[in-house]
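Contents: one structure, followed by commentary.
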Number of protein chains: 2
Amino acid sequence: MNTIKEIAALAKVSPATVSNVLNNRNDQVSSETREKILEIIRETNFKPNRIAKSLRVNRTHTIGVIAEDITVFNTPSIINGINAFSEQNNYRIILNDLGLNEKMGHNFSEITRFKKTIDGSLAALLSFQVDGIIYVGLHPRDVTGVLPLVDKPVLYVGCYAENQISVNYDDKSAFYKATKTLIDLGHDRIALIAGPSDSLAAESRLAGYKAALENQDMLYRDEFVVTGDWGFESGHKLGKLLVDSDKLPTAILAMNDLMAIGAVNAIQASGLKVPDDISVIGFDNREFCQYTKPSLTTVQLPLYEMGYMAASTLIALVDNEDINRGIELPCDLIARDSAGLHHDYKYN
Amino acid sequence: MNTIKEIAALAKVSPATVSNVLNNRNDQVSSETREKILEIIRETNFKPNRIAKSLRVNRTHTIGVIAEDITVFNTPSIINGINAFSEQNNYRIILNDLGLNEKMGHNFSEITRFKKTIDGSLAALLSFQVDGIIYVGLHPRDVTGVLPLVDKPVLYVGCYAENQISVNYDDKSAFYKATKTLIDLGHDRIALIAGPSDSLAAESRLAGYKAALENQDMLYRDEFVVTGDWGFESGHKLGKLLVDSDKLPTAILAMNDLMAIGAVNAIQASGLKVPDDISVIGFDNREFCQYTKPSLTTVQLPLYEMGYMAASTLIALVDNEDINRGIELPCDLIARDSAGLHHDYKYN
DNA sequence: CTGAAAGCGCTTACAG
DNA sequence: CTGAAAGCGCTTACAG
């Protein structure tokens, strides 16, 4: 039994009536015929064809998700959040994975080389009549121009674009929190391993760091801020540099876990201990943070929440409801073993 | 310009002719009218409605993917592979994430509690008229019964079910390879930290271990095989146990990276060195393997390939082509720093 | 409360 | 080579 027509024949009613009970238009059909039809639907295990319905009502209840790279750590949790909202609201996700990380790494300018692929993915999604599109960035940054303008709602998560709606986490307050945590632990020489300054995320995090220092009347010192490239190796190199300098920091804050763990290794290689001699705090709460020695205190990203918020905002947009165009969600600090109280050491 | 009808009107031909050029039925239309129509399509940036086409031809070019948990490490790469095949063959993925890991952890019997949700996900996918379904397991094991029987092609990746088609990696040959690698490095006391024996995967890996020993005329010794629960802590505990025993192993093979890295930590805590005193090899090639000290030699899973193979097999099935019902793909060993030549040490 | 009819945007024999 | 017509499985005013 495959169609409404067949169910209607069995129940000796019209297809319209079957459609009415399927769509819970209870005022349109007597409870008698309603029960009869429901019974037949149960017996025959009939599942209405949503494709046909979609064509008719011009709405597919489908969200197109374009992920820059699903194998990058932040993306699965974001999609998990999108999925949760979708499930609760009877939407489906049509997923397209661009696989950009392997193709271009951190060389984001390369993205123009994939413009044609991306356009193709988008066009395919649109031809499937998705109700809206969520673009999931593999790293917080400006992606203006990667997507052509379309007449369906589009929203960016984990990245942003000029004049576009986006959902992200709040870099500044997260870094404020991390810095404040170190200050509260008694640290007075807090070095920062920053990300490249062309990253707006790095800039916001730096601002959070400065704000926390300032708020505690501590001096911001240029020599305590070094810049890496987000990689493990660069964290290692910069960690060594900080440890070898004449002004040894009491704590190091890194803008991601990879650089943090690189720094931890450098500190340990120099014979110092984490956190006894130097505390370290990372950022991202990558899975490996719990398996390092010591386990890494870090900042947890609200990825699931971002995905959930993205989906709910997109659907609100589809339904022409009012929305907030620039959403920033707060991060939590995860206290583990790499950051502790500052107790004075051999240096002054 | 949104429909074939409108394009037809502009080109002063019938919708049938537009449809013919859209579907490359070149013998059906003169190159003149063909060019004219193509030109108009370009100008108007017309994208045919695939929902309408799907309804008409009773084929959506859509693969339903049910992932037990997209946040578990193996799943994104598998989906990446499914996506790659789909992209090349003009299919789309409708993704449903069950989020089971958080809900049930390793307590797989709990899965029956989610039967209703899973049935719902499947029903929704079917009502969207997917051409076939791929079920992505979060851990290799028997999932017979989680999915009800349906009349669309279904395939299992990263898990298996009775009488069902599945794509997995070859546990036995992978473990044979890992064991053989240690033997070739001169190790003669190779301990094994196994997974629970109710896991078929653990059984196959054990068989590979035994086969490699046997092949080199080495004795299999029960006291060298200990059983963990896949977790970091259990690896730590068992690593300590092995290190504290009177018959110190020269190498430890673990059935996953988490237990391997737990063992490494235990070895180091006891004052021994990896790999100088004891070599360690893991399994899975989790991302953190490159960031541990020493970096972990391990077995790489062919996840992308499994996903690609799953998608291509599923579509072959949809097209009624012959397929292989039980596919096992080989794994590669990734040599890093945790396994080295065995040079005799203080023990005999 | 119920049904006949039109139509969503395509495709596909078929006739010419 | 081209077009008229029917139909995929639904929904929705509308008439009764």
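- Closest approach to the A:V29 side chain among D:dT2, C:dT2, D:dT11 is made by C:dT2 (side chain taken as heavy atoms from C-beta onward).
- Donor-acceptor pairing under 3.5 Å is recorded for the side chains of A:N96 and A:S121.
- One side chain, A:Y135 or A:E68, offers a donor N or O that lies under 3.5 Å from an acceptor on the other.
- Listed candidates were C:dT12, C:dA4, D:dG9. Nearest to the side chain of B:N20 is C:dT12.
- Atom P of nucleotide C:dG7 and atom CG of A:N58 are separated by 16 Å, given to the nearest angstrom.
- Within the nucleic acid shown, B:R59 has no heavy atom closer than 4.0 Å to any nucleic acid atom.
- The CZ-C1' distance, from B:R34 to D:dT2, rounds to 15 Å in whole Å.
- Look at CG on A:L126: it is 16 Å from C1' on C:dG9, rounded to the nearest Å.
- In this structure, B:N49 reaches the sugar-phosphate backbone alone: every heavy-atom distance under 4.0 Å involves primed, P, OP1 or OP2 atoms, never a base.
- For the pair B:T3 and C:dG9, the criterion of a side-chain N or O lying under 4.0 Å from OP1 or OP2 is not met.
- Close to D:dG9, at under 4.0 Å from its OP1 or OP2, lies no side-chain N or O of A:K5.
- At least one side-chain nitrogen or oxygen of B:S19 sits closer than 4.0 Å to the OP1 or OP2 atom of C:dT11.
- One can place NZ of A:K47 at 13 Å from P of D:dC10, the figure rounded to the nearest angstrom.
- With distances taken from any side-chain atom of A:K53 to the nucleotides D:dT11, C:dC10, D:dG3, the minimum falls on D:dT11.
- Per the geometry, CD1 belonging to B:I7 stands 17 Å off C1' belonging to C:dT11, to the nearest Å.
- Set against C:dT12, C:dA4, D:dC1, the side chain of B:S30 has D:dC1 as its closest nucleotide.
- Here C:dA4 sits opposite no nucleotide as a Watson-Crick or G-U wobble pair (both hydrogen-bonding atom distances under 3.5 Å).
- The distance from atom CG of B:L95 to atom CG of A:L95, rounded to the nearest 0.5 Å, is 5.5 Å.
- Whole-Å rounding puts the A:N26 CG to C:dT2 P distance at 12 Å.
- Residue whose closest nucleotide on DNA chain D sits further toward the 5' end, between B:A52 and B:K12: B:K12.
- B:F85 and B:I315 get closest at one heavy-atom pair: CE2-CG1, 3.6 Å.
- Each of D:dC10, D:dG3, C:dG9 was ranked by its minimum atom distance to the side chain of B:L55; first place goes to C:dG9.
- Using a 4.0 Å cut-off, some side-chain N or O of A:T33 falls inside it from OP1 or OP2 of C:dT2.
- To the nearest 0.5 angstrom, A:T117 atom OG1 is 7.0 Å from B:E87 atom CD.
- The phosphate of C:dT2 (OP1 or OP2) has no side-chain N or O of A:T17 nearer than 4.0 angstrom.
- The shortest distance between the side-chain N/O atoms of A:R25 and the OP1/OP2 oxygens of D:dT12 is below 4.0 Å.
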